[in-house]
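Computed from a predicted structure; not experimentally measured. Throughout, a chain's letter reflects where its sequence line sits, starting with A, and its residues are numbered from 1.
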There are 2 protein chains.
Amino acid sequence: MTDHPSVSRSNSGYSAWRLISEELRLDIDGGRLHTGDRLPTENVLAERFGVNRHTARQAIAALAEEGLVESRRGSGTFVTGHAVRLHRIGLRTRMTTSLGDQSASATIRVLHNAIEDAPSEIARRLGIDGRRAIRVETTRSAGGQQISVSTHWFDVERVPDIATALRRTGSVTAALHASGIDDYVRASTVVGARHATITESELLTLGPGAIVLVTEALDTLPDGTPLQHVMTRFSAQRVRLDIEHPRAD
Amino acid sequence: MTDHPSVSRSNSGYSAWRLISEELRLDIDGGRLHTGDRLPTENVLAERFGVNRHTARQAIAALAEEGLVESRRGSGTFVTGHAVRLHRIGLRTRMTTSLGDQSASATIRVLHNAIEDAPSEIARRLGIDGRRAIRVETTRSAGGQQISVSTHWFDVERVPDIATALRRTGSVTAALHASGIDDYVRASTVVGARHATITESELLTLGPGAIVLVTEALDTLPDGTPLQHVMTRFSAQRVRLDIEHPRAD
DNA sequence: CCAAGTTGTCTATTTATCTAGACAACCCAA
DNA sequence: TTGGGTTGTCTAGATAAATAGACAACTTGG
C-alpha cells in the first residue's frame, strides 16, 4: 500500500473525497490492491488521510459508482474485477483493429461532419494552404462501452466523399479504401492528458472532470503525402496506449 | 472559441472554478487562443459558464498563477507565451537527450535507492524470478524546471552498482556504460494518465490533483535481454509525448 | 479630457462540503 | 450464541466555496 500523506486540499479546487478517491484508484490500478482484496476499513482510511469517516466513505462511494469496488455491510469493501484496454499505437495504427484481443469489433459512429477552414496549424500539417477541409466528429465503441471520441480533418479535394463513406462503412480504413486509397501509415503521434470537457464527459459517459488521454496524429500515404489529421480522446480510466517500437533490423 | 455548456458541477468533487479553469486551458492549449490574445472579460466568462464573476475570477487566477495568462487592470486578461515540452519516445529513447531543442541538458537526481523484492509483474518483465531488484527513485529537471519523476527497477546481479553510478553521472546511459553496457533499446512503452499523488505534486511542484502522464517502459539489450523497467510521471501541463514512427524501409 | 469598459477589492449572505457523534444493521470468527 | 468489527444512516454543527452587490483603480478610444 502506498504511504499516504494527509490530504492537504487547501484551495486546490478538488474536494477531499475526490483526492482520496484518486489515491485509492492508484492502489488498485497500480497493482497494490488486487481483485477480491479488501480495502482498509473506513475508519483506517479516515485516519490515514486525516479526514472524517464520512469523507472517506464518499471517496469509496465514488469508486463504487464506477464499479471499481463493492461495499458489503458488516464485512468490508472489496476490489471488483476491472479491465483496462490497451490501444496499440504504431506505424500501421488502425482504429478498428487496435484493441488487442479483448474485442475485435470496434465500430465508429459519425456524430457530425462539415466543410470548413481548418485551424492554421492543422492546415499546415495537412498541406492545404488556401483550401478548406472536411471535419468529422466520431465516437468509437467496443464491447458496449464508449472508448474514444475523435475529430478528423481531411483534405476536401483528395477525399471529398469521406464523410458519407465513414457513415456507411464505420471504419476509416474502409472509407479511405472507397476513396481509392489502399494503404496509409502513421507519420506522427503526440500524446497528452487533460481533464475532459463537459461534452467529452457526456460522450464517453465519464464523471465530470475525469481525465482523458489525447493523441494528435497525422496519417499519410506511404510516400508521405498527408491524408488525415486526427485528434482522439480516450478515457484514461479505461485505456492505456501501447506504443510499438519496431526493431531497426 | 469552444462552446461551453454551463458548468454542471453537481457534487463532482471538482470546484466550479477548477472546471472552468481547465476549460480555459483547453482554449489556450488547443490553439483557439494564441499568445497575446485577450480572454473574454470576467463578466462574459461568468455568464457563459453560469457562475458568479468572482468564481470566474478564481479560475483566471489559477491560470495566472501557472503563468499561462496575465491580467491587466483596466484592459483585460491576456495569454502569455507558454512552452510545452516535447518528450520524444522511440527505439533509442534516452532520458537526457529527449527534450528536443528547448534544452539540451536534462539532469537526473537520485532521491532514493534500495534493494528489495520487485512487484511480481515487474519481476516477470525483468526476467528475475527469485532474485531481488534495485529500485531507484529519480527526478529529472531541465532549464530550472522539474520535468518528471521516475521509478527504475534493475536486476541486482546484472548491474549491482547502478545506483552509485546514477548518483555520480546523473544519466542512465552513462551509468549503464559504467556497468559495461554500451547500448540498449526501448522494447515497450505503455502510456496512461491519472491524477498526481501528493508526493508527486510536491516533487513536480504541481497543484494537488494535477494530471500526470505515466509511461511504463522496458529497456533491453539489443539482443532482447531485459535491463531496466522504468515508470516515469510527467506533468501533463508541461509535457507532451512525441512518439517516433520509424519508416519500415 | 471624458466616458465606457475592464480588473481589483471589500462586505455580506447563501449554499455546499466536511466534521462530529451516535446508533442500527449486518458479517464473521471464537 | 455471542461479541467485536464492519458498513449504513441519521442529526447537528463547523468550515469552505460560491453568490450578490457595490465601488475603487485603471486603460483605452473617441
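- Sequence neighbours left out, the pairs with a member in residues 189-199 of chain B that pass salt bridge (charged side-chain N to carboxylate O under 4.0 Å, His left out) are B:R194-B:E200.
- A:F78 has its CZ atom 11 Å from the C1' atom of D:dT7, to the nearest Å.
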(message) Working note: A:T151 + A:R233, criterion side-chain hydrogen bond (donor to acceptor under 3.5 Å, both in side chains); need CA distance, chi angles, decisive distance, verdict.
(response) CA-CA 9 Å; A:T151 304; A:R233 289 83 92 197; 3.0 Å; yes
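- For the pair A:L166 and A:V136, the minimum side-chain heavy-atom distance is below 4.5 Å.
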Every protein N/O within reach of nucleotides 25-29 of chain D N/O, cut-off under 3.5 Å:
| residue | atom | partner | partner atom | Å |
| --- | --- | --- | --- | --- |
| D:dA25 | O4' | B:R73 | NH1 | 2.6 |
| D:dA25 | O3' | B:R73 | NH1 | 3.1 |

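- For the pair B:H195 and B:I211, the minimum side-chain heavy-atom distance is below 4.5 Å.
- Residue B:L45 contributes atom CG, which lies 16 Å from atom C1' of D:dA18 at whole-angstrom precision.
- To the nearest angstrom, P of C:dC26 lies 19 Å from CZ of A:R38.
- Side-chain contact between A:L126 and A:L218 is present, with at least one heavy-atom pair separated by less than 4.5 Å.
- Between the CZ atom of B:R18 and the P atom of D:dA17 there is a distance of 12 Å, given to the nearest Å.
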(request) Give the intermediate values and the outcome of side-chain hydrogen bond (donor to acceptor under 3.5 Å, both in side chains) for residues B:N113 and B:R167. (result) CA-CA 10 Å; B:N113 61 286; B:R167 284 183 193 272; 2.7 Å; yes
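- Looking at A:L111 and A:T139, their side chains come closer than 4.5 Å, going by heavy atoms from C-beta outward.
- Environment of CD in B:E47: sparse, with no more than 12 heavy atoms of neighbouring residues, nucleotides or ligands closer than 6.0 Å.
- You'll find a donor-acceptor pair under 3.5 Å spanning the side chain of A:R53 and the base of D:dG8, going by distance alone.
- Proximity of A:W17 to the phosphate of C:dC18: a side-chain N or O atom is located under 4.0 Å from OP1 or OP2.
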Polar pairs (N or O, both sides) under 3.5 Å between protein and nucleotides 10-12 of chain C?
| residue | atom | partner | partner atom | Å |
| --- | --- | --- | --- | --- |
| C:dC10 | N4 | B:H54 | NE2 | 2.7 |

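- Atom CD of A:E65 has 12 or fewer neighbouring heavy atoms from other residues, nucleotides or ligands inside a 6.0 Å radius.
- Closest to the side chain of A:E42, out of D:dT7, D:dA18, C:dT7, is D:dT7.
- Here salt bridge (charged side-chain N to carboxylate O under 4.0 Å, His left out) pairs that include residues 145-156 of chain A, with residues two or more places apart or in two chains, are A:R131-A:D155.
- Atom-to-atom, CG of B:N43 to C1' of D:dC23 comes out at 14 Å; the value is rounded to the nearest Å.
- In this structure, B:S71 does not reach the C:dT6 phosphate: none of its side-chain N or O atoms is under 4.0 Å from OP1 or OP2.
- Axis orientation changes by 40° from one end of the helix from C:dC1-D:dG30 to C:dA30-D:dT1 to the other, with each end axis drawn from 5 pairs and the value rounded to 10°.
- A sub-4.0 Å separation between OP1 or OP2 of D:dT7 and a side-chain N or O of A:R57 is absent.
- Rounded to whole angstrom, the span from the OH atom of B:Y14 across to the C1' atom of C:dT17 amounts to 16 Å.
- Taking the side chain to side chain donor-acceptor pair (under 3.5 Å) definition, one finds that B:E70 meets it with B:R72, sequence neighbours left out.
- Residue B:Q58 places at least one side-chain N or O closer than 4.0 Å to OP1 or OP2 of D:dA18.
- A 4.5 Å side-chain heavy-atom check between B:S71 and B:F78 finds every atom pair outside the cut-off.
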